[in-house]
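Worksheet: the structure to be examined is printed underneath.
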There are 2 protein chains.
Amino acid sequence: MVTIYDIAKRANVSPMTVSRVINNSNLISESTRRRVEKIIEEMDYIPNKAARNLVGKRNKLVSLIVTDIVNPFFTNIARGAEDKAAELGYQLLLSNSDEEVDKESNYIRATISAGVDGVMIAPSGDISIHNLNMLSKYKIPFVLVDREVEGITSDLILGDNRQGVELLMKHLIERGHRRIVLINGPDYVSNAREREKAFKDIVNREKLENNISPIFQTRYKQESTDDIVNEILSVNVPHRATAILAANNFIGVSVIKSLRKIGMRIPEDMAVVCFDNPEFIQDFNPFLTVAAQPAYDFGYIGMQYLIERINGKIIKNRKMLLPSKLLVGKSS
Amino acid sequence: MVTIYDIAKRANVSPMTVSRVINNSNLISESTRRRVEKIIEEMDYIPNKAARNLVGKRNKLVSLIVTDIVNPFFTNIARGAEDKAAELGYQLLLSNSDEEVDKESNYIRATISAGVDGVMIAPSGDISIHNLNMLSKYKIPFVLVDREVEGITSDLILGDNRQGVELLMKHLIERGHRRIVLINGPDYVSNAREREKAFKDIVNREKLENNISPIFQTRYKQESTDDIVNEILSVNVPHRATAILAANNFIGVSVIKSLRKIGMRIPEDMAVVCFDNPEFIQDFNPFLTVAAQPAYDFGYIGMQYLIERINGKIIKNRKMLLPSKLLVGKSS
DNA sequence: CTGTTAGCGCCTTCAC
DNA sequence: GTGAAGGCGCTAACAG
């Protein structure tokens, strides 16, 4: 391994001078700078981050913790985050928490151990507060994306959930639906609570039949929704809901599968809409009607915020609320 | 920041003893071990990787370099890789090369600088050889996934491209197609060369009309294929190709878009098949007929190989060839 | 503008 | 079983 000492020897300078060169110090004469740079090039010298980090320097390393990179929503967040990070010279550690606090907790510890400068996280839920406090204890800045956590103040990049629900509900109502069911995510995730609140408000405001517009709860994962769908269909036809609003793409897809399994036609027998695209290419084969959140921007802007924080430029907490776009498919 | 010195003081032992505890040395009495462990717990001590790394220890950090995490093929590779890495206590650095050698080169340097123990990479192409040699120079083990590189020997996790092409061609031929066009990836990527070779062999073997079965080349990216499609359609109908084999999902999707743009019906006017799912959920809304590669396994097995290499368990190079599965959609 | 000294947190080596 | 000394590669603080 080539070190600054090797460079120094060859260049007839002290290691400190080499250090100054690789850190772009301007307390150096142009001639020695050039000489040293040439030798660095020749010897393929690559600085050792561990050593740098040990003396208290920034590590230029950030951590991204999502629930599941396979969800296109988070895939795009990851890409946005990585693009911005790379642009600013940072590297990205990736973890999948699967919405499990314990896994998340392990990742947080590993992440601290690795000496990251900051963390961008879509927290598992409100119980993530302990993990986030751990970060605070180590003075590691973080931003929350997609979800906030009760009792935590930080920079936030969130979807405008009320606006998204309005978009989907308005669309369904325009198509004549009056009996709409919400299949929501878990109530320990902030965006599920917000989506539910918006849903209820609209049901009241629009005087929809809210006795037949109950709210079901599942998880934001690839899980069967057969039971919930069966329960919805157990209501006899004149009173049965005619449309389902799924709180995210995984739920939306599961609902479609459950409906198809028992021969229901979509949208004739049941309309389905959801948050977030289940597919990564927007305009290719749209089946589901969705409120598409600008996931890439979540990641890109979030990383910008995070690195500003790392550099100590920003003190007060910021909250960015990003709107969804309605993409009408065949499912409604 | 809590260090082994803090723990040592509180436990009335030397820092060395603490070090032994956190490294599960067995040269320690049960009683002191327990005492130290208790204090570690109390003080929320987290080891500093930078320090560990500096004294030459494993960093428990690996790097994954893909061309684009947004491609579901690589998304699933990433998930498989991260799962295996986490299982074995490793963390994952993620980078997107966009199939550009210079970007890749920067990531490789950053990755070395970060002190990774190993690298899993889908190389940009044959020119990646310099980047891989850089890794060798630093004695960092690596495995190649999805693509091999001429002149590089290493562990390999590859798709069985011949088998995949056979699958798709057999399917098309069974449906009566005799004039098939290949829209391939760039020839500096090994799998493109293999797919082309298999395609040609089958065209000859099956005595397909190979004067009208030319091969076009584009990139494995989300780029327009309008020009290529127009060229294909410029042939008059009795002689025009009736099916297109796209070498990956991005190309497949682009081709569909190009065809739709000019009002061609799929599959009536033109059948389309490709490698890899363009969607992350297999059984939801299948439009394209695809040869689906087991991407998750690429990542999972690849990471297993890599970490075995890191631990010095394996010496000879291994090559894992994974078969595709045919998923028939509406596009053919 | 350049060099010297000391130390970051941990582990290897060698004592005891 | 436990501890002391030294050093990994780098940079902050000081000196010249």
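Note on naming: letters A, B, ... go to the chains in the order of the sequence lines (proteins, then strands), and numbering restarts at 1 for each one.
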Whole angstrom is fine here: how far is it from [atom1] in [X] over to [atom2] in [N]?
{"X": "Lys9(A)", "N": "dG9(D)", "atom1": "NZ", "atom2": "P", "value": "12 Å"}
{"X": "Arg52(B)", "N": "dT12(C)", "atom1": "CZ", "atom2": "P", "value": "10 Å"}
{"X": "Ile40(A)", "N": "dC10(D)", "atom1": "CD1", "atom2": "P", "value": "10 Å"}
{"X": "Lys49(A)", "N": "dT11(D)", "atom1": "NZ", "atom2": "C1'", "value": "16 Å"}
{"X": "Arg33(A)", "N": "dT2(C)", "atom1": "CZ", "atom2": "C1'", "value": "13 Å"}
{"X": "Met1(B)", "N": "dC8(C)", "atom1": "CE", "atom2": "P", "value": "12 Å"}
{"X": "Asn12(A)", "N": "dG3(C)", "atom1": "CG", "atom2": "P", "value": "9 Å"}
{"X": "Asp6(B)", "N": "dC8(C)", "atom1": "CG", "atom2": "C1'", "value": "13 Å"}

Any side-chain N or O of [X] below 4.0 angstrom from OP1/OP2 of [N]?
{"X": "Asn53(A)", "N": "dC10(D)", "result": "no"}
{"X": "Thr17(B)", "N": "dG1(D)", "result": "no"}
{"X": "Thr3(B)", "N": "dG9(C)", "result": "no"}
{"X": "Ser14(B)", "N": "dA4(D)", "result": "no"}
{"X": "Thr32(B)", "N": "dG1(D)", "result": "no"}
{"X": "Ser19(B)", "N": "dC11(C)", "result": "yes"}

Sidechain N-carboxylate O distance under 4.0 Å for [X], [Y]:
{"X": "Asp98(A)", "Y": "Arg79(B)", "answer": "yes"}
{"X": "Lys38(B)", "Y": "Glu41(B)", "answer": "no"}
{"X": "Lys84(B)", "Y": "Glu87(B)", "answer": "yes"}

Heavy atoms only, 4.0 Å cut-off, all strands: where does [X] land among base, sugar-phosphate and nothing?
{"X": "Leu27(A)", "result": "base"}
{"X": "Pro15(B)", "result": "nothing"}
{"X": "Ile4(A)", "result": "base"}
{"X": "Ile7(A)", "result": "nothing"}

Do you see a donor-acceptor pair shorter than 3.5 Å between the side chains of [X] and [Y]?
{"X": "Glu99(A)", "Y": "Tyr188(A)", "value": "no"}
{"X": "Asp83(A)", "Y": "Tyr296(A)", "value": "yes"}
{"X": "Asp146(B)", "Y": "Tyr220(B)", "value": "no"}

Of all the choices, [options], which nucleotide is nearest to the side chain of [X] once you look at every atom?
{"X": "Met16(A)", "options": "dA12(D), dC10(C), dG3(D)", "result": "dA12(D)"}
{"X": "Leu54(A)", "options": "dC8(D), dT2(C), dC8(C)", "result": "dC8(C)"}
{"X": "Tyr45(A)", "options": "dC10(D), dC10(C), dA4(D)", "result": "dC10(D)"}

Polar side-chain contact Arg20(B)-dG3(D) base: donor and acceptor under 3.5 Å: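 When only heavy-atom distances are counted, Arg20(B) does reach the base of dG3(D) through a donor-acceptor pair under 3.5 Å.
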Polar side-chain contact Tyr5(A)-dC10(D) base: donor and acceptor under 3.5 Å: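 Check passes, donor-acceptor contact within cut-off.
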Nearest-nucleotide 5' precedence on DNA chain D, Gly56(B) against Ser29(B):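 Taking each residue's closest nucleotide, the earlier one in sequence belongs to Ser29(B).
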Which residue lies more 5' along DNA chain C, comparing Val13(A) with Pro47(B) via nearest heavy atoms: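 It is Val13(A) whose nearest nucleotide is closer to the 5' end.
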